[in-house]
Amino acid sequence: MGKRILIVDDEESIVTLLKYNIEQAGFQTETAYDGEQALKLAENEPYDLIVLDVMLPKLDGLEVCKLLRQKMIEVPILMLTAKDEEFDKVFGLEIGADDYLTKPFSPREVIARIKAILRRFKKSNDEQIATDKIVTIGDLKIYPEQYEAYINGQQLEFTPKEFELLAYLANHIGKVLSRDQLLSAVWNYEFVGDTRIVDVHISHLREKIEPNTKQPVYIKTIRGLGYKLEDPN
């Protein structure tokens, strides 16, 4: 059985083109033409990847991506967009998209991106070390397997990418990590020039774990180098 890919676009010609080429590459496909249908399918069916257009009726692609990640559905998402705006890319990555492709694109490029994402996703899963170990840093407790963290006994709410970033920092406590390192490790891809996504997530983490975001004691900025997580005690 080939891997299952959900294709979501409101333009029938694009869906037909993608469906033909993706199936020729050995994958199974299903299709949806609006955001609500896509969300319902993704919530109830086990897909290996979703090709998701940004501009969709009923629910746009960014909202579909955001809702799936909030529900802890970690299927890889390749977003399609007619816009070539950095804001869209950063926002899409921030809410959990795995890669972006700007229209117009060639079928060969789509297949190459799909295969690359699936390779990265498999590598990431293979490398993930299952552990019940609780990581304790000051008043912060991190439970890697449960995707949970607590500060002073209060559970914190994270997006999946926020938690992965925190867990990666915790696995390298005291070590300075560059934005490119964090981008590559957590997002599994080199988004050249888009390292602002890391800054956005660091800011979100600080809002949740720091007693005073203006004087962080957990996540330190090392000017010109990157960030490091350290024990405030």
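In the hydrophobic clustering of ILVMFWY residues, with side-chain heavy atoms under 4.5 Å counting as a link, Val200 and Leu62 come out apart. Taken together through direct or relayed side-chain contacts under 4.5 Å among Ile, Leu, Val, Met, Phe, Trp and Tyr, Met79 and Leu17 form parts of separate hydrophobic clusters. Note on Ile111: it clusters hydrophobically with Leu18, by side-chain heavy-atom contacts below 4.5 Å among ILVMFWY residues.
Grouping Ile, Leu, Val, Met, Phe, Trp and Tyr residues whose side-chain heavy atoms lie under 4.5 Å apart, directly or via other members, leaves Tyr20 alone, with no other cluster members.
The main-chain N or O of Val186 is found under 3.5 Å from a side-chain atom of Lys161 such that the two form a donor-acceptor pair. A donor-acceptor pair is defined here as one N or O able to donate and one able to accept, closer than 3.5 Å; such a pair exists between the side chain of Asp60 and the backbone of Glu63. Side chain of Glu36 to backbone of Leu59: no donor-acceptor contact under 3.5 angstrom is found. Between the side chain of Arg113 and the main chain of Tyr100, a donor-acceptor pair closer than 3.5 Å is present. One N or O on the side chain of Asp48 and one on the backbone of Arg4 form a donor-acceptor pair closer than 3.5 Å. At least one donor-acceptor pair closer than 3.5 Å links the side chain of Glu210 to the backbone N or O of Ile219.
Between Leu6 and Ala38, the shortest heavy-atom contact is CD2-O, 4.0 Å. Between Asp98 and Arg69, the shortest heavy-atom distance links the atoms OD2-NH2, 3.0 Å. Of all heavy-atom pairs between Ile137 and Ala170, the closest is CD1-CB, 4.0 Å. Nearest heavy atoms, Ile209 versus Phe158: CG2-CZ, 4.4 Å. Nearest heavy atom pair, residue Gly138 against residue Asp231, reads N-OD1, 3.5 Å. For the residue pair Ala42 and Ile50, the shortest heavy atom distance occurs at CB-CD1, 3.8 Å.
Here the side chains of Asp53 and Ile14 are not in contact, with every heavy-atom distance at 4.5 Å or above. Using a 4.5 Å cut-off on side-chain heavy atoms (C-beta onward), Ile202 and Leu169 make contact. Residues Leu205 and His201 fail the side-chain proximity criterion, which asks for heavy atoms closer than 4.5 Å. Looking at Lys103 and Asp9, their side chains come closer than 4.5 Å, going by heavy atoms from C-beta outward. The side-chain heavy atoms of Lys208 and Glu162, taken from C-beta on, include a pair separated by under 4.5 Å.
Between the NZ atom of Lys175 and the CG atom of Leu229 there is a distance of 13.5 Å, given to the nearest 0.5 Å. Separation of atoms CG (Leu177) and CG (Leu182) is listed at 5.0 Å; rounding is to 0.5 Å. Note that CD1 of Ile114 is 9.0 Å distant from CG of Leu101, once rounded to the nearest 0.5 Å. The CD1 atom of Ile95 sits 8.0 Å away from the CD1 atom of Ile77 when rounded to the nearest 0.5 Å. To the nearest 0.5 angstrom, Tyr143 atom OH is 11.0 Å from Phe163 atom CZ. Taken to the nearest 0.5 Å, the OG1 atom of Thr136 stands 13.0 Å off from the OH atom of Tyr150.
No more than 12 heavy atoms of other residues, nucleotides or ligands shown are found within 6.0 angstrom of NZ on Lys141. The number of heavy-atom neighbours closer than 6.0 Å to CD of Glu12, taken from other residues, nucleotides and ligands shown, is 12 or below.
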Step-by-step side-chain contact (heavy atoms from CB on, under 4.5 Å) determination, Tyr47 to Leu41: CA-CA 9 Å; Tyr47 296 105; Leu41 284 169; 3.7 Å; yes

Residues Tyr227, Asp199; criterion side-chain contact (heavy atoms from CB on, under 4.5 Å); working and verdict: CA-CA 9 Å; Tyr227 298 101; Asp199 298 333; 2.6 Å; yes

Verdict with reasoning, Thr221 to Arg206, per side-chain contact (heavy atoms from CB on, under 4.5 Å): CA-CA 11 Å; Thr221 301; Arg206 282 176 169 160; 2.7 Å; yes

side-chain contact (heavy atoms from CB on, under 4.5 Å) between Asp139 and Tyr218, intermediate numbers included: CA-CA 10 Å; Asp139 296 322; Tyr218 286 99; 3.6 Å; yes

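In this view, Leu225 and Val176, Ile222 satisfy the side chain to side chain contact (heavy atoms under 4.5 Å, CB included) rule, not counting sequence neighbours.
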